[in-house]
Amino acid sequence: MKNSMKLAFCGVMAALSTVLMFLTGVAPTATLALPAIAGCFLIPVVVEAGRSWAWAVYGVCSVLSFLLAPDREAFLFYLLFFGYYPVLFAALGQIKHKVLRYGAKLLVFNAAVALEVLLSVYVLGIPFETLAFLGPLGPVVLLVLANAVFIVYDLALEGLIVQYLHRLHPRLGKILKGK
């Protein structure tokens, strides 16, 4: 694929991701869902243009989301995890041993969660007590539940990638290569 086609394709994917991040102001209940969906637009970029282009799209979307997304917490979710995870998914998928692969994925996820909580509390000013609504073990319970949801998200992302490779990649690949 020519660089001009890659650039145009990546620009469209970046625009779609940015629009979803902008919509966090319209649908504030989708603070987690919209960044997760916005990150999924990087799957075609990884497949069709490569990981280096996908990292560039993530960078562009992060900057544009910082400037345009009204929901600061949704922006943090995109910046700290959902935006780059589809790109990282491809790299982590190369780890052959399944336990090591999931260990690495969980390590990345938990580091992102810890950083998101710290930034939410100390930068955005969200009171830490909101995490303790389940009592003194509330943060631990939420972290365990978040890890369970992450595993479901990871499996769903894998299924989405498989469906993309089987259904859209053959057609989109031909279009982008000019055949």
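Every heavy atom of this structure was used, including side-chain atoms; hydrogens, water molecules and symmetry mates were not. Only a predicted model underlies this, so the values are computations on that prediction, with no experimental measurement involved.
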Q: Verify ring pair (Phe, Tyr, Trp, His ring centres under 6.0 Å) between Tyr153 and Phe82, making sure each step is shown before the conclusion.
A: CA-CA 10 Å; Tyr153 168 75; Phe82 290 118; 5.3 Å; yes
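Pairs engaging residues 145-162 under the salt bridge (charged side-chain N to carboxylate O under 4.0 Å, His left out) rule: Lys105-Asp154 [sequence neighbours left out]. Residue pairs meeting the salt bridge (charged side-chain N to carboxylate O under 4.0 Å, His left out) criterion with at least one member in residues 14-26, sequence neighbours excluded, do not occur. The salt bridge (charged side-chain N to carboxylate O under 4.0 Å, His left out) contacts involving residues 57-68 comprise nothing, where partners must be two or more places apart or lie in separate chains. Applying the salt bridge (charged side-chain N to carboxylate O under 4.0 Å, His left out) test to pairs two or more places apart or on separate chains, none has a residue in residues 25-43. Residue pairs meeting the side-chain hydrogen bond (donor to acceptor under 3.5 Å, both in side chains) criterion with at least one partner in residues 13-24, sequence neighbours excluded, do not occur; the list is empty.
The minimum heavy-atom distance linking Met21 with Pro70 is given by the pair O-CD, 4.1 Å. Considering every non-hydrogen atom in both Tyr164 and Glu48, the closest pair reads OH-OE2, 2.7 Å. Here the shortest heavy-atom pairing between Val47 and His169 reads CG1-ND1, 3.4 Å. Contact detail for Val46 and Pro86: the closest heavy-atom pair is CG2-O, 4.3 Å. Of all non-hydrogen atoms in Cys10 and Val45, the two that sit nearest each other are SG-CG1, 3.7 Å.
Between Ser120 and Leu76 there is a side-chain heavy-atom pair separated by less than 4.5 Å. Contact of the Leu157 side chain with the Cys40 side chain is registered, since non-hydrogen atoms from C-beta on lie closer than 4.5 Å. Side-chain atoms of Arg72 and Phe75, non-hydrogen and from C-beta on, do get closer than 4.5 Å to each other. The side-chain heavy atoms of Val113 and Phe81, taken from C-beta on, include no pair separated by under 4.5 Å.
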Could you pull out every donor-acceptor pair under 3.5 Å between side chains of residues 145-152 and any protein atom, sequence neighbours left out?
residue, atom, partner, partner atom, Å
Asn147, OD1, Asn110, ND2, 2.9
Asn147, ND2, Asn110, OD1, 3.0
Asn147, ND2, Leu143, O, 2.7

Pair up each side-chain donor or acceptor in residues 51-69 with any protein partner under 3.5 Å, not counting sequence neighbours, and list the distances.
residue, atom, partner, partner atom, Å
Tyr58, OH, Leu79, O, 2.4
Ser62, OG, Tyr58, O, 2.8
Ser65, OG, Cys61, O, 2.7

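Cluster membership for Val140 and Leu142, using ILVMFWY side-chain heavy atoms within less than 4.5 angstrom, is not shared. Residues Leu32 and Leu106 fall within the same hydrophobic cluster, defined by Ile, Leu, Val, Met, Phe, Trp and Tyr side chains chained together at heavy-atom separations under 4.5 Å. Leu168 and Leu165 end up in the same hydrophobic cluster when Ile, Leu, Val, Met, Phe, Trp and Tyr side chains are linked at under 4.5 Å. Both Val117 and Tyr122 are part of a single hydrophobic cluster, where members link through side-chain heavy atoms under 4.5 Å apart.
Residues passing the side-chain contact (heavy atoms from CB on, under 4.5 Å) test with Leu23 are Val19, Leu20, Val26, Leu34, sequence neighbours excluded. Residues satisfying the salt bridge (Lys or Arg N to Asp or Glu O under 4.0 Å) criterion with Asp71, sequence neighbours excluded, are absent altogether. Scanning for side chain to side chain donor-acceptor pair (under 3.5 Å) contacts around Arg171 gives an empty result, with sequence neighbours left out. Looking at residues two or more places apart in sequence or on another chain, you find no ring-ring contact (aromatic ring centres under 6.0 Å, His included) involving Phe22. With sequence neighbours excluded, no residue satisfies ring-ring contact (aromatic ring centres under 6.0 Å, His included) with Tyr102.
Taken from CG in Leu160 to CG in Leu155, the straight-line distance is 12.5 Å, to the nearest 0.5 Å. Here Leu80 contributes atom CG and Glu116 contributes atom CD; the two are 6.5 Å apart, rounded to the nearest 0.5 Å. In this structure, CG in Leu92 is found 10.0 Å from CG in Leu107, a value given to the nearest 0.5 Å. To the nearest 0.5 Å, atom CE of residue Met5 and atom CD1 of residue Ile175 are 8.5 Å apart. A distance of 11.5 Å separates CD of Gln94 from CZ of Phe89, quoted to the nearest 0.5 Å.
Between the side chains of Glu73 and Tyr78, no donor-acceptor pair is found at a separation under 3.5 Å.
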